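These notes concern the structure reproduced below.
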Amino acid sequence: MKEMKNDMELTFDAISSNEGLARVAVAAFVSRLNPTIEELADIKTAVSEAVTNAIIHGYGNIQGYCKHGEALETIDKESPGKVRMKCQLEHGVLKVMVEDQGRGIENVEKAMEPLFTTRPDLERSGMGFAFMEAFMDDLQVESAPGVGTIVRMQKKMTSGPWIPSEE
Amino acid sequence: MDQFQVIDHCLMVKLPQEIDHYQAGYLSQEADSFLLRPDVCHVVFDFEDTEFMDSSGIGIIMGRYKKVAPLGGKVYAINVGKQVGRILELSGMSKLVEVL
Ligand SMILES: Nc1ncnc2c1ncn2[C@@H]1O[C@H](COP(=O)(O)OP(=O)(O)OP(=O)(O)O)[C@@H](O)[C@H]1O
Ligand SMILES: [Mg+2]
């Protein structure tokens, strides 16, 4: 009998409306482990933070939903970047990687401090990394200015039973 | 019910199912247009329909708080579910905003 292993990769345009897509995708990906509602909320929140950061900070695509449902982001998209999300399940551990090829972070340590934000003009609160840290078991951030950013997160799924695939 | 309603000096904001960056700009702008009215002093965020909120929601609440608090206004969060509650707690918002 082999343990269940599963991989998923999703690449999408760096536009704000895809935040919801990323959350739904990761939720569906872990669903066969029967996660608790709380685990699911934790994972969705952490993914939402990482993906939003890639879109608005990495690529500077800040446009969102507008009045009466018109979404202007496709018109006002400043940078045609892509966000890549990779998810992996193995031994009951979820690994998520969110990658952008945007402007990168100069000082990662500083950026990860709670309440630190470079975009107070967008009413960002500087809590994104703090939430990723709080809701996942492990968080690693790799970044280089002008190259991009990779966020790696891990969470041990306590819920179960996760089903080993038979062989 | 309208998403934005003024009842008794309070701006009532009925929040959507999911609050992320995609939704945030619109909600903040629309709320601010109501806050210009002289009869609006307080803001009540109603989370009844909300199943998900990320840090974008903190920005919405904090931004409105900064507008009404100097004038003695209060901000309330009502019908707060578990996920939203944890976000408010972790971010320290529950110290500024009355969570009912
Ligand atoms: N993918 C990224 N590319 C470039 N810069 C980033 C990226 N992710 C984060 N940053 C930088 O790190 C800072 C802190 O990120 P964090 O998510 O903690 O807060 P925020 O996005 O500013 O606010 P919040 O997430 O609370 O709305 C950002 O303001 C930004 O300068
Ligand atoms: Mg962020």
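A, B, ... follow the sequence lines: proteins, then strands. Residue 1 opens every chain. Since we're looking at a predicted model, the values are computed, not measured.
Within the structure, ring pair (Phe, Tyr, Trp, His ring centres under 6.0 Å) pairs that include any residue of residues 131-154 of chain A comprise A/Phe131-A/Phe135 (at least two apart or interchain).
Both B/Leu90 and B/Val80 are members of a single hydrophobic cluster when ILVMFWY side chains are connected at heavy-atom separations under 4.5 Å. Both A/Met112 and A/Ile56 sit in one connected hydrophobic cluster of ILVMFWY residues. Membership requires side-chain heavy atoms under 4.5 Å apart, directly or through other members. The same ILVMFWY cluster, assembled from side-chain heavy atoms under 4.5 Å apart, contains both A/Leu21 and A/Val47. By the criterion of side-chain heavy atoms lying less than 4.5 angstrom apart, applied directly or through intervening Ile, Leu, Val, Met, Phe, Trp or Tyr residues, A/Met97 is not grouped with A/Ile105; the two fall into different hydrophobic clusters. Note on B/Leu35 and B/Phe4: same hydrophobic cluster, where clusters join Ile, Leu, Val, Met, Phe, Trp and Tyr whose side-chain heavy atoms are under 4.5 Å apart, directly or indirectly.
Inter-residue side-chain proximity for B/Lys82 and A/Ile37 is flagged as unmet; no heavy-atom pair is nearer than 4.5 Å. Considering only heavy atoms from C-beta on, A/Glu38 comes within 4.5 Å of B/Arg86 through its side chain. Under the 4.5 Å side-chain criterion, counting only non-hydrogen atoms from C-beta, A/Arg23 is in contact with B/Asp20.
Nearest heavy-atom pair across A/Glu19 and B/His21 is OE1-N, 3.2 Å.
Atom CD of A/Glu109 has 12 or fewer heavy atoms from other residues, nucleotides or ligands within 6.0 Å. Heavy-atom neighbours of A/Glu106 CD from other residues, nucleotides or ligands within 6.0 Å: at or below the threshold of 12.
Identified by a heavy-atom distance below 4.5 Å to chain A, the contributing residues of residues 52-62 of chain B are B/Phe52, B/Met53, B/Asp54, B/Ser55, B/Ser56, B/Ile58, B/Gly59, B/Ile60, in residue-number order. Of residues 119-126 of chain A, those residues lying under 4.5 Å from chain B by any heavy-atom pair are A/Glu123, A/Arg124, A/Ser125. Near-neighbour residues of residues 69-77 of chain B relative to chain A, defined by a heavy atom under 4.5 Å from a heavy atom of that chain, are none.
Neither the backbone nor the side chain of A/Asn18 comes within less than 4.5 Å of any heavy atom of chain B. For A/Thr45, the parts lying under 4.5 angstrom from a heavy atom of chain B are both the backbone and the side chain.
Among the candidates B/Arg64, B/Lys66, B/Gln29, the residue making the largest number of heavy-atom pairs closer than 4.5 Å to chain A is B/Arg64.
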